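Here is the structure we will look at.
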2 protein chains.
Amino acid sequence: MSTIADVAARAGVSKATASRALSGRGYVSEDTRTRVTDAARELSYVAHSSATSLATGRTQTVGVVMPPVDRWFFAELLAGIQDSLLTLDYDLALYGVPEGSQMRDRLFENVLPGRRFDGIIAVDIQPSALELERLQLTGRPLVSVGPYSEGSTAVSIDDAAAARIATEHLIELGHTDIAFVGGASDGKALSLGDARRLDGYRGALRAAGLTEHARVAGAAPTMPGGYAATAGLLGDRRNRPTAIVGVCDEAAIGAIIAARRLGIAVPTELSVVGIDDHQHADMFALTTIGQSPREQGHEAVRLLMQRIDRPDAPLEHVAAASALVVRNSTAPPR
Amino acid sequence: MSTIADVAARAGVSKATASRALSGRGYVSEDTRTRVTDAARELSYVAHSSATSLATGRTQTVGVVMPPVDRWFFAELLAGIQDSLLTLDYDLALYGVPEGSQMRDRLFENVLPGRRFDGIIAVDIQPSALELERLQLTGRPLVSVGPYSEGSTAVSIDDAAAARIATEHLIELGHTDIAFVGGASDGKALSLGDARRLDGYRGALRAAGLTEHARVAGAAPTMPGGYAATAGLLGDRRNRPTAIVGVCDEAAIGAIIAARRLGIAVPTELSVVGIDDHQHADMFALTTIGQSPREQGHEAVRLLMQRIDRPDAPLEHVAAASALVVRNSTAPPR
């Protein structure tokens, strides 16, 4: 099997340069990168062999801990993490956080501490203080994705600001009776990110002197959740809101479907705004606050590689971009 | 750190029995399993240490190769694979098949052959003959999920039968003008599973003497795909079908949403049947052919563990269960 030295010799560069060019880490000119990757291809060089790992003391593997990936956000984020890791010749070891506290305990107590990887990306798992401590005790660099800035480097959007901007958009159109669909009816079920979105909605109403109009229809952050909560909200004809802020696009799309079923036209009779810019937002002409979980995945990998190279670097919290995308689900009230 | 011998001594069983109880592989009585897992917990035993791997010569890792997980089926299947692997104390190394042929080539040529794992689960990647050969050259047991029975042990539903049963359900209700939504307009984009579903639809029409009524509205197997194709199909008022078979529930749900937008009542004016029993099927009262990708994930792991234990076992193709679920989106034609 060819070695990195063979590749370096063929490309006419040092081993260190060849390694940088193939790993994607550290600066190499485009021309050099092309020469090295051509040489690697010609020699059928297989990077990341056990020999490589032994030489560097690295496993070339990143552990990703995340909830079930059956929601758009997690799937997109995972795709972003994966893109970046493939480019860097790293493997991704995926640990879904299982339902049920016993299995979850087992994951944090037994499974993760026993595994070998160079770093961990923890996605929206809202680790308890104890779980976070266990992750840190593994001694590996940790990057969180989600609104958890304590104890680890993190990347997330500003959830409160996103919901505030969504609500302000409706207020600027002239709405005063604006409901929030998605605050879980059971307080405990509300994730920290969703709780911040609810705060952002309340903050916007407060700033506009509309606090007494605030009303929250408890709903899971899903299409069926938004559908059911909205059907309840619109059922009382004499007390209908003129606008809805969905905790996420899935809930907002559920709200639009419910309105259509009840013969209430969107946006002329009801405005709906979401948060996320989900893959189906365009199909429903949904006005929303866009974010890119795929780019957040790239960013998380970038931050983790920095921490792997410099484990003592100060913690940082990177705010991911989000912006209002106006489509056709919002209009002035009649 | 505690060893498996410590756990065995505390539980009063042999090392082999303790290992079987903790790995979940091979028979152990419930009582013994409980004693061993209790002992492991009391001793804070961390399984799958490097020492374990060295002793067994196994990496305790399974490589999963799959397309982007942003569709319900893949997310559910991955969750099922993950459940099973966690129970068996195996790790999951995830390799998304990247878009673009160059990255895909790199995955099959360089990345996978260089990685260490005990077996591979390849999900719906429609490997070319060359790619399949490369996977087999790695010398590791391989299990496919999807309609690919050649060259590897595989688990999948019978896609043709699923679509045939869906179509027959409509024929039995009295429909003759039944369209298929989801045959890609560009033949090349149709996956093998989707092609078999189209075959099943055509076969049912043929058996009922309705071949001349067959019509296919090209659509991606997604909600927006089904929406757009159905909007086109229903646009011509004088030539509307009375029923639609969606290539999958996502396309069928898109069809229902399109019908509602055009003021066409489901099921009184249009019947719609899907395939999958997607998480949103119930919300749309969709009649469908149910399958469980989560259980297929469990089954894939079970088959792979068999092949890891007995690499020379004959190849087998396991047909996963599917069954008609009648809800409220289908009715006799008016």
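Letters go in sequence order (proteins before strands), and every chain restarts at 1. No experiment lies behind these values; they were computed from the predicted model shown.
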Q: Just do the side chain to side chain contact (heavy atoms under 4.5 Å, CB included) check on D91(B) and Y95(A) with the steps written out, would you?
A: CA-CA 8 Å; D91(B) 274 357; Y95(A) 301 94; 2.7 Å; yes
In the structure I gave you, are the side-chain heavy atoms of [X] and [Y] within less than 4.5 Å of one another anywhere?
X	Y	answer
L94(B)	L78(A)	yes
R261(B)	R260(A)	yes
Y227(B)	H280(A)	no

Q: Using ring pair (Phe, Tyr, Trp, His ring centres under 6.0 Å) as the criterion, list what pairs up with F74(B), not counting sequence neighbours.
A: none
Q: Output all residues satisfying ring pair (Phe, Tyr, Trp, His ring centres under 6.0 Å) with H298(A), sequence neighbours left out; order by chain, then residue number.
A: none
Q. By a 4.5 Å heavy-atom criterion (distance strictly below it), what part of L92(B) contacts chain A: side chain, backbone, both, or neither?
A. both
Q | Toward chain A, the part of A79(B) with a non-hydrogen atom under 4.5 Å | A | neither
Q: Would you check if the side chain of Q82(A) reaches a backbone N or O of V97(B) as a donor-acceptor pair within less than 3.5 Å?
A: no
Q: Report the C-alpha distance between D89(A) and R106(B) in whole Å, list the side-chain angles of each, state the deciding distance to 0.1 Å, and finish with yes or no for side chain to side chain contact (heavy atoms under 4.5 Å, CB included).
A: CA-CA 10 Å; D89(A) 199 36; R106(B) 194 177 144 219; 3.8 Å; yes
Q: Carefully, step by step, assess M283(B) and I257(A) under the rule side chain to side chain contact (heavy atoms under 4.5 Å, CB included).
A: CA-CA 10 Å; M283(B) 171 180 164; I257(A) 294 171; 4.0 Å; yes
Q.
So for atom CD, which belongs to E295(B), do other residues, nucleotides or ligands contribute more than 12 heavy atoms lying within a distance under 6.0 Å?
A. no
Q. Say you draw a straight line from OG1 of T59(A) to CZ of R116(B); how long is it, rounded to the nearest 0.5 Å?
A. 12.0 Å
